[in-house]
Chemist: 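Have a look at this one before I ask anything.
FYI, side chains are in, hydrogens and waters are out, and symmetry mates aren't considered; it's all heavy atoms of this structure. Remember, it's 1-based here, ligands and their atoms both numbered in the order they're listed.
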Amino acid sequence: MTPIASTQARPRIVIIGAGFGGLSAAKQLVRAPFDVTVVDRHNYHLFQPLLYQVATAGLSPADIASPIRGILRRQKNAHVILAKVSGVDTVRKEVVAEGRRIPFDYLIVATGPSTLISGTIGRLTRRA
Ligand SMILES: Cc1cc2nc3c(=O)[nH]c(=O)nc-3n(C[C@H](O)[C@H](O)[C@H](O)COP(=O)(O)OP(=O)(O)OC[C@H]3O[C@@H](n4cnc5c(N)ncnc54)[C@H](O)[C@@H]3O)c2cc1C
């Protein structure tokens with residue numbers, strides 16, 4: 001498994017999920033003295049409230065999906081990793097995602113409502 005090289009001295013915040021919650025957290029940190037890494041299994045943010053418009057052919061899928069890198073392109077302290085997270089190593093403080101290990105000092109899990117419903121956090125930590 002390849003560890004992500006880290007040369008930074010600033011505390012690292014890793015945010016899993018670039019939905020409303022994850023992106024909101026990342027943007028709040030724009031002027032904070034942290035390095036922010038956003039990890040999502042998709043390269044786009046999906047505006048879910050307008051899904052019904054796509055289902056009824058009122059909009060095309062591209063109208064409600066925006067590239068995550070585009071949304072955060074002006075935020076100098078943020079970068080984006082496209083990968084599905086499969087675990088969190090809470091001892092080594094690393095997020096495990098498709099063969100990568102992404103180190104963090106602080107972790108924000110924003111993987112959506114299913115986190116609470118199906119116990120995603122528990123599964124993620126056990127698999128690490
Ligand atoms: C059809 C529909 C209509 C809705 N309408 C409204 C509305 O009108 N008003 C309203 O307030 N709310 C509405 N909601 C609810 C609203 O969309 C959600 O509350 C909101 O999207 C939750 O945001 P979130 O950031 O918690 O999760 P999400 O927006 O679901 O984002 C989670 C992100 O985590 C990523 N992710 C998940 N697991 C992993 C993993 N293992 N590795 C990497 N990335 C991962 C996903 O790809 C996703 O980008 C609606 C929802 C739906 C489905």
Side-chain angles (χ1 to χ4, degrees):
M1 201 166 286
T2 318
I4 303 280
S6 174
T7 55
Q8 59 243 38
R10 299 196 301 180
R12 300 153 300 187
I13 298 180
V14 172
I15 301 172
I16 309 173
F20 288 134
L23 285 180
S24 174
K27 288 177 178 177
Q28 288 292 320
L29 292 163
V30 63
R31 292 185 218 296
F34 296 102
D35 287 313
V36 179
T37 300
V38 178
V39 188
D40 201 290
R41 61 189 169 186
H42 300 133
N43 65 354
Y44 56 85
H45 164 78
L46 183 66
F47 192 84
Q48 293 180 18
L50 287 180
L51 266 176
Y52 79 96
Q53 290 267 25
V54 175
T56 55
L59 291 173
S60 67
D63 291 330
I64 65 165
S66 312
I68 298 164
R69 287 197 170 91
I71 295 169
L72 294 174
R73 70 183 180 282
R74 290 202 177 89
Q75 187 164 335
K76 290 193 168 55
N77 70 342
H79 81 280
V80 178
I81 293 176
L82 171 63
K84 182 174 181 179
V85 172
S86 58
V88 177
D89 187 330
T90 53
V91 176
R92 296 175 63 174
K93 290 194 156 189
E94 292 174 339
V95 168
V96 181
E98 295 182 18
R100 302 172 180 204
R101 284 188 164 263
I102 307 163
F104 64 85
D105 297 297
Y106 303 97
L107 177 65
I108 298 174
V109 179
T111 50
S114 60
T115 298
L116 295 175
I117 294 167
S118 60
T120 303
I121 293 174
R123 288 205 310 274
L124 290 177
T125 50
R126 277 201 298 276
R127 283 181 191 163

Chemist: May I ask you to list the atoms of ligand 1 that are less than 4.0 angstrom from any heavy atom of G17?
Modeler: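 Numbered from 1, ligand 1 contributes 33 (C), 34 (O), 35 (C).
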Chemist: Any idea which of P49, G21, G87, A55 brings a heavy atom closest to atom 14 (N) of ligand 1?
Modeler: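 Minimum heavy-atom distance to atom 14 (N) of ligand 1 goes to P49.
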Chemist: Within a distance under 4.0 Å of any heavy atom of A110, pick out the atoms of ligand 1 and give their elements.
Modeler: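 Once the distances to A110 are compared, the set is 32 (C), 33 (C), 34 (O).
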Chemist: So which bit of A97 gets within less than 4.0 Å of ligand 1, heavy atoms only: side chain, backbone, both or neither?
Modeler: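 No part of A97 is near ligand 1 at this cut-off.
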Chemist: Are R10 and F34 side-chain neighbours, meaning at least one heavy-atom pair lies under 4.5 Å?
Modeler: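 Answer no - side chains too far apart.
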Chemist: Under 4.5 Å between side-chain heavy atoms, counting indirect links through other Ile/Leu/Val/Met/Phe/Trp/Tyr residues: same cluster for V36 and I102 or not?
Modeler: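 In one cluster: no.
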Chemist: Check residues 40-51 and write down every donor-acceptor pair under 3.5 Å in which the side-chain atom is one partner and the other belongs to a residue at least two apart or another chain.
Modeler:
from, atom 1, to, atom 2, distance (Å)
D40, OD1, H42, N, 2.8
D40, OD2, A18, N, 2.6
H45, ND1, A18, O, 2.8

Chemist: Out of F20, Y52, F47, Y44, who gets a non-hydrogen atom closest to atom 20 (C) of ligand 1?
Modeler: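 Of the listed residues, F20 has the closest heavy atom.
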Chemist: Write down the atom of V54, the atom of P61, and the distance for their closest heavy-atom approach.
Modeler: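 Nearest pair, atom of V54 first, then P61: CG1-CG, 4.0 Å.
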Chemist: Is R12 salt-bridged to D105, going by a charged N under 4.0 Å from an acidic O?
Modeler: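 A salt bridge links R12 with D105.
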Chemist: What are the atoms of ligand 1, with element, lying closer than 4.0 Å to any heavy atom of H42?
Modeler: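 Per the distance check, 47 (O).
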Chemist: With heavy-atom distances below 4.0 Å as the criterion, list the atoms of ligand 1 near T111.
Modeler: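 Within the 4.0 Å cut-off of T111, ligand 1 contributes 32 (C), 34 (O), 37 (C), 38 (N), 39 (C).
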Chemist: Please say whether L51 places an N or O atom under 3.5 Å from an N or O atom belonging to ligand 1.
Modeler: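 It does not: no N or O of L51 is found under 3.5 Å from an N or O of ligand 1.
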Chemist: Look at the side-chain heavy atoms of Ile, Leu, Val, Met, Phe, Trp and Tyr, link any pair under 4.5 Å apart, and say whether V95 and L72 land in one connected group.
Modeler: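 Different hydrophobic clusters.
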Chemist: Is I16 reachable from I13 through a run of I, L, V, M, F, W or Y residues, each pair having side-chain heavy atoms under 4.5 Å apart?
Modeler: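 Each belongs to a different hydrophobic cluster.
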Chemist: Could you tell me whether some N/O pair between R41 and ligand 1 is separated by less than 3.5 angstrom?
Modeler: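 Yes, since at least one N or O of R41 sits under 3.5 Å from an N or O of ligand 1.
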